Amino acid sequence: MHVLFLSVGSVRRRAVVEESRQVIADGGAATVVVDKMGPWSRETFATGVRVIDLAALQRRLPADRVEQAALYKAPRKLLRTIGRGPLRKVSKRAERAFQRRLADPAHRAFVRMRGDQRDRLLARACARPTVDVLVVTDPVAMPYAVRLLERRRGHASPRVCFSYDYSGVATDGQNRPDPDSAQGDNP
């Protein structure tokens with residue numbers, strides 16, 4: 001059984017870490033998808049949990065690499081090389097102005113032109129193994145879950161839930177202390 005945790009908003013970090021640990025303890029495979037690894041730097045996942053960083057995947061795209069080099073890295077390196085010694089303050093000011101007035105607007109136009117690539121990257125990264133349970137852990141991840149399920153035409157849809165405990169496949173070690181009749185739990 002493969003459980004995919006979509007935690008793009010990084011809201012329920014501790015719960016995602018514990019639930020992914022429970023999946024591994026139950027004998028399944030767990031994959032956690034995060035937007036950026038920064039907020040997760042203090043969290044320790046169980047051995048066997050696969051963590052996918054969408055920002056890192058996006059940075060590896062050839063178009064993004066060229067854009068970052070042309071708009072940010074090359075001008076920054078040039079201005080820092082020129083701005084040594086007494087020209088340091090002028091160079092720093094020119095670097096900030098260049099980024100604010102030219103590089104950032106060009107980057108936003110580039111993003112609008114090519115569209116958001118994260119959905120495609122997410123679908124490619126989660127294609128194998130097939131997902132049996134999709135855990136959408138925060139509201140920010142809901143559009144990603146919808147688009148991921150739309151791309152799975154012709155395939156069996158996984159169970160979708162807010163927590164691994166509500167998936168129906170969790171063991172008796174659930175985190176919920178009392179049954180919830182609204183979720184279909186009967187005492």
Side-chain angles (χ1 to χ4, degrees), residues 3-21 24 29-129 131 134-151:
V3 180
L4 175 66
F5 293 90
L6 285 180
S7 188
V8 181
S10 303
V11 177
R12 298 178 59 231
R13 288 188 299 271
R14 196 168 80 208
V16 170
V17 170
E18 292 301 319
E19 290 177 8
S20 63
R21 183 174 288 125
I24 298 297
T31 302
V32 178
V33 177
V34 300
D35 188 33
K36 294 178 183 170
M37 284 302 293
W40 296 85
S41 62
R42 292 186 177 173
E43 305 298 335
T44 305
F45 288 97
T47 305
V49 175
R50 182 175 148 210
V51 180
I52 297 174
D53 182 4
L54 284 178
L57 288 177
Q58 193 166 4
R59 281 192 304 268
R60 286 194 283 178
L61 291 175
D64 282 2
R65 295 175 89 181
V66 168
E67 177 211 4
Q68 289 296 312
L71 290 178
Y72 294 100
K73 290 180 182 177
R76 185 177 299 136
K77 188 170 187 173
L78 177 68
L79 287 170
R80 286 186 182 174
T81 302
I82 293 171
R84 294 186 182 187
L87 295 176
R88 174 174 267 149
K89 289 183 181 179
V90 174
S91 175
K92 290 267 189 200
R93 202 168 42 231
E95 182 181 338
R96 285 191 303 267
F98 174 81
Q99 183 172 345
R100 185 179 63 246
R101 292 183 182 157
L102 186 69
D104 289 345
H107 171 70
R108 286 190 295 271
F110 184 71
V111 168
R112 278 193 306 271
M113 183 177 68
R114 72 176 155 86
D116 190 13
Q117 300 293 315
R118 291 186 217 170
D119 295 328
R120 185 175 56 86
L121 293 171
L122 177 62
R124 187 185 316 154
C126 300
R128 289 188 207 112
V131 177
L134 177 62
V135 180
V136 184
T137 62
D138 51 33
V140 178
M142 287 183 188
Y144 289 97
V146 169
R147 289 188 290 264
L148 185 64
L149 291 172
E150 285 175 349
R151 288 181 179 261

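Just so you know, these numbers come straight off a predicted model, no measurement behind them. Sequence positions, counted from 1, serve as the residue numbers for this chain.
With salt bridges taken as basic N to acidic carboxylate O contacts below 4.0 Å, none links Lys92 and Glu95. Salt bridge Asp64/Arg114: present, at least one basic N to carboxylate O contact under 4.0 Å.
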Problem - Criterion side chain to side chain contact (heavy atoms under 4.5 Å, CB included) on Val34 and Val8, from CA distance to verdict - result: CA-CA 5 Å; Val34 300; Val8 181; over 6 Å; no

Problem - Trace of the side chain to side chain contact (heavy atoms under 4.5 Å, CB included) decision for Ile82 with Lys77 - result: CA-CA 9 Å; Ile82 293 171; Lys77 188 170 187 173; over 6 Å; no

Exercise for the section: Would you please test Phe5 and Glu19 for side chain to side chain contact (heavy atoms under 4.5 Å, CB included) and show each step? Expected result: CA-CA 9 Å; Phe5 293 90; Glu19 290 177 8; 3.6 Å; yes

Exercise for the section: Please report the C-alpha distance between Leu134 and Leu149 in whole Å, then the side-chain angles of each, then the deciding distance to 0.1 Å, and finally whether the side chain to side chain contact (heavy atoms under 4.5 Å, CB included) criterion is met. Expected result: CA-CA 9 Å; Leu134 177 62; Leu149 291 172; 4.2 Å; yes

Exercise for the section: Might you work through the salt bridge (charged side-chain N to carboxylate O under 4.0 Å, His left out) test for Arg147 and Glu150, ending with a clear yes or no? Expected result: CA-CA 5 Å; Arg147 289 188 290 264; Glu150 285 175 349; over 6 Å; no

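Side-chain contact between Arg13 and Ser7: absent, with no pair of heavy atoms (C-beta onward) separated by less than 4.5 Å. Counting heavy atoms from C-beta on, the side chains of Arg21 and Val49 never come closer than 4.5 Å.
Atom CZ of Arg65 sits in a sparse spot, with 12 or fewer heavy atoms from other residues, nucleotides or ligands closer than 6.0 Å.
Put simply, the side chain of Ser91 gets close to the backbone of Leu79: a donor and an acceptor are under 3.5 Å apart. Judged by distance alone, the side chain of Thr137 and the main-chain N or O of Leu6 form a donor-acceptor pair under 3.5 Å. Of the possible polar contacts, none joining the Arg88 side chain to the Gly85 backbone as a donor-acceptor pair under 3.5 Å is found.
Atom CH2 in Trp40 sits 11.5 Å away from atom CG in Asp53 (nearest 0.5 Å). Here the straight-line distance linking atom CZ of Arg93 with atom NZ of Lys89 works out to 9.0 Å at 0.5 Å rounding. Distance check: Lys73 NZ to Gln68 CD gives 6.5 Å after rounding to the nearest 0.5 Å. Atoms CE and CD, from Met37 and Glu43 in turn, are 9.5 Å apart once rounded to the nearest 0.5 Å.
The two residues Val32 and Ser20 make their nearest non-hydrogen contact at CG2-CB, 4.2 Å. Contact between Lys36 and Ala55 at its shortest, heavy atoms only, is CG-CB, 3.9 Å. The two residues Asp138 and Val11 make their nearest non-hydrogen contact at OD2-N, 3.7 Å. Taking all atoms of both residues into account, the shortest heavy-atom contact from His107 to Leu71 is N-CD1, 3.9 Å. Scanning both residues, Ala103 and Tyr72, for their nearest heavy atoms gives O-OH, 3.5 Å. In terms of heavy atoms, Ile52 sits closest to Arg50 at CD1-NH2, 3.3 Å.
Between the side chains of Asp35 and Tyr144, not a single donor N or O lies within less than 3.5 Å of an accepting N or O.
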